[in-house]
Participant: 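What follows is a structure written as C-alpha cells; I'll ask about it next.
Along the sequence shown, residues are numbered consecutively beginning with 1.
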Amino acid sequence: RATQYTCMLLSYLIEHKADKEKLVMKLKQLESSMSSGRKMFRLGNMVHALVAAKKTTQLADVVPRFCLTAANLTRALYFVCDGVLWLKSVGLQPDIDKPKWQNWATKCYYFSLLMNLARDWYEISWRLEQAVQEEKAKENSFWDKHSQELNCVKCAGLHGFLLLLFQILKKHPPLLLDLVKNLCDLSGPLDTLGIYKTNPGVIGFCGILSSLVGILTLASPHLKLKQ
C-alpha cells in the first residue's frame, strides 16, 4: 500500500518534466500492479470484517458499538465490491460494469471511514468532558501547571479548546494515530465521489502517511486504538 501511494505521489510530482515520460509510465504501471495485487490479498478480508463486526456488537458502550459495527459491516461490503473488481481486472468476469462497482466500493469505504471518525470523535469528546470535570474538581485545590492549561478552555474560547484537544491527543497516542489515519484515508473517496476534489499528489501523500501509521501500529500493537 505504501509503495502504491509512493508511486502515485512521485508520478504526480514529475509528470510535467519533459525528460521523465518513461519513468512516469513505469511508476504508473507499478502503481497499477500494486493496486491489483492488493485486491487479491484482500480477498479474505471480508471474513475478518464480519468477525470484527460480530465482536463489536458485544461492546457495552452503545456509541462505539453502533459506530464500529456499522464500520465493519460496510467495510465487509467494500471488500465484496473489491473482490468483484479483482475478477474484472484478471479477466475472469470481463462483462462486469467496472464504474458501477467502483462507485459502490467507494461509497462503502467512505461510510466506513465516517463511522470510524464518529467513534474517534466520541472518544475525544468523552475525554474532553472528563478533563473539564477533573478541572472543576480541583477548583478549590492547589493548581498545578497542567490544570492551569485546562483552565484556558474557560477563558480563551476556541484557543482554550484547541489547547485542551492537543493535550488529550498528546496523552493518548493510539487515538491520535487512529484519527490521523482515518482523516488521511478520507481524501481518496472524497475525490472519487466528487465531494471534495483534490489531485493525485494529495491522495498519494495522504495514502503514504496513512500507510506509515498502519505499519507503525502493526510494529507496536500498543499504539493501535482498542475496540
Participant: Please tell me if the side chains of Val63 and Arg119 come closer than 4.5 Å, counting only heavy atoms from C-beta onward.
Facilitator: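 A side-chain contact under 4.5 Å is absent here.
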Participant: Look only at the side chain of Ser125 and the backbone of Trp121, and say whether a donor-acceptor pair between them is shorter than 3.5 Å.
Facilitator: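 A pair under 3.5 Å: yes.
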Participant: Asn199 side chain to Val202 main-chain N or O, any donor-acceptor pair under 3.5 Å?
Facilitator: yes
Participant: Given the rule that I, L, V, M, F, W and Y join up when any side-chain heavy atoms are under 4.5 Å apart, are Leu183 and Leu225 in one cluster?
Facilitator: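 Same cluster.
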Participant: Quick check: is Met40 connected to Val47 through a chain of hydrophobic side chains (ILVMFWY, heavy atoms under 4.5 Å apart)?
Facilitator: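 In one cluster with Val47: Met40, no.
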Participant: Looking only at non-hydrogen atoms, find the nearest pair between Ala53 and Leu73 and report the distance.
Facilitator: CB-CD2, 3.9 Å
Participant: Provide the closest heavy-atom pair for Tyr78 versus Ala105 in the form atom of the first, atom of the second, distance.
Facilitator: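 Closest pair (atom of Tyr78, atom of Ala105, distance): CD1-O, 3.2 Å.
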Participant: Under 3.5 Å, sequence neighbours excluded: what are the donor-acceptor pairs made by side chains of residues 5-24?
Facilitator:
from  : atom 1 : to   : atom 2 : distance (Å)
Thr6  : OG1    : Ala2 : O      : 2.7
Ser11 : OG     : Cys7 : O      : 3.0
Ser11 : OG     : Met8 : O      : 2.9

Participant: Please determine whether residues Leu113 and Leu190 belong to a single hydrophobic cluster, defined as Ile, Leu, Val, Met, Phe, Trp and Tyr linked transitively by side-chain heavy-atom distances below 4.5 Å.
Facilitator: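 As far as the 4.5 Å side-chain criterion goes, Leu190 and Leu113 are connected within one cluster.
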Participant: Mark yes or no for whether Arg75, through its side chain, and Tyr109, through its backbone, hold a donor-acceptor pair below 3.5 Å.
Facilitator: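 No, because the side chain of Arg75 does not come within donor-acceptor range (under 3.5 Å) of the backbone of Tyr109.
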Participant: Linking I/L/V/M/F/W/Y whenever their side-chain heavy atoms sit closer than 4.5 Å, directly or via other members, would Leu117 and Leu68 fall into one cluster?
Facilitator: no
Participant: Hydrophobic cluster mates of Phe66, side-chain heavy atoms under 4.5 angstrom, ILVMFWY only, any path?
Facilitator: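 Taking Ile, Leu, Val, Met, Phe, Trp and Tyr as members, Phe66 shares its hydrophobic cluster with Phe111, Met115.
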Participant: To check you understand the geometry: which heavy-atom pair defines the closest contact between Leu193 and Lys107, and what is its length?
Facilitator: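 Taking every non-hydrogen atom into account, CD2-CG, 3.8 Å.
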Participant: Please list, chain by chain and in numerical order, all residues satisfying side chain to side chain donor-acceptor pair (under 3.5 Å) with Asp61, sequence neighbours excluded.
Facilitator: Tyr122
Participant: What is the minimum heavy-atom distance between Lys88 and Ile96, and which atoms define it?
Facilitator: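 Where Lys88 meets Ile96 most closely, the heavy atoms are NZ-O, 3.5 Å.
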Participant: Would you check if there is a donor-acceptor pair between the side chains of Asp178 and Asn116 at a distance under 3.5 Å?
Facilitator: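 No, no side-chain donor-acceptor pair sits under 3.5 Å.
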Participant: Write out all pairs satisfying salt bridge (charged side-chain N to carboxylate O under 4.0 Å, His left out) with one or both partners inside residues 187-202, taking only residues at least two apart or from two chains.
Facilitator: Asp191-Lys197
Participant: Ignoring hydrogens, what is the shortest heavy-atom contact between Val80 and Met46? Give both atom names and the distance.
Facilitator: CG2-SD, 3.0 Å
Participant: Please identify each residue that fulfils side chain to side chain donor-acceptor pair (under 3.5 Å) with Ser210, with sequence neighbours left out.
Facilitator: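 Side chain to side chain donor-acceptor pair (under 3.5 Å) check on Ser210 returns Arg1, Asp185.
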Participant: Kindly say whether Ser33 contributes a backbone atom to a donor-acceptor pair with the side chain of Ser36 at under 3.5 angstrom?
Facilitator: no
Participant: If you take all heavy atoms of Leu223 and Pro173, which pair is closest and at what distance?
Facilitator: CD2-CB, 4.0 Å
Participant: Kindly determine whether Thr56 and Thr69 satisfy side chain to side chain donor-acceptor pair (under 3.5 Å), including the steps that lead there.
Facilitator: CA-CA 6 Å; Thr56 53; Thr69 302; 2.9 Å; yes
Participant: Would you say the side-chain atoms of Thr217 pair up with the backbone N or O of Lys224, donor to acceptor, closer than 3.5 Å?
Facilitator: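 Absent.
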Participant: If you group Ile, Leu, Val, Met, Phe, Trp and Tyr whenever their side-chain heavy atoms sit less than 4.5 Å apart, what else falls in with Met34?
Facilitator: Leu30
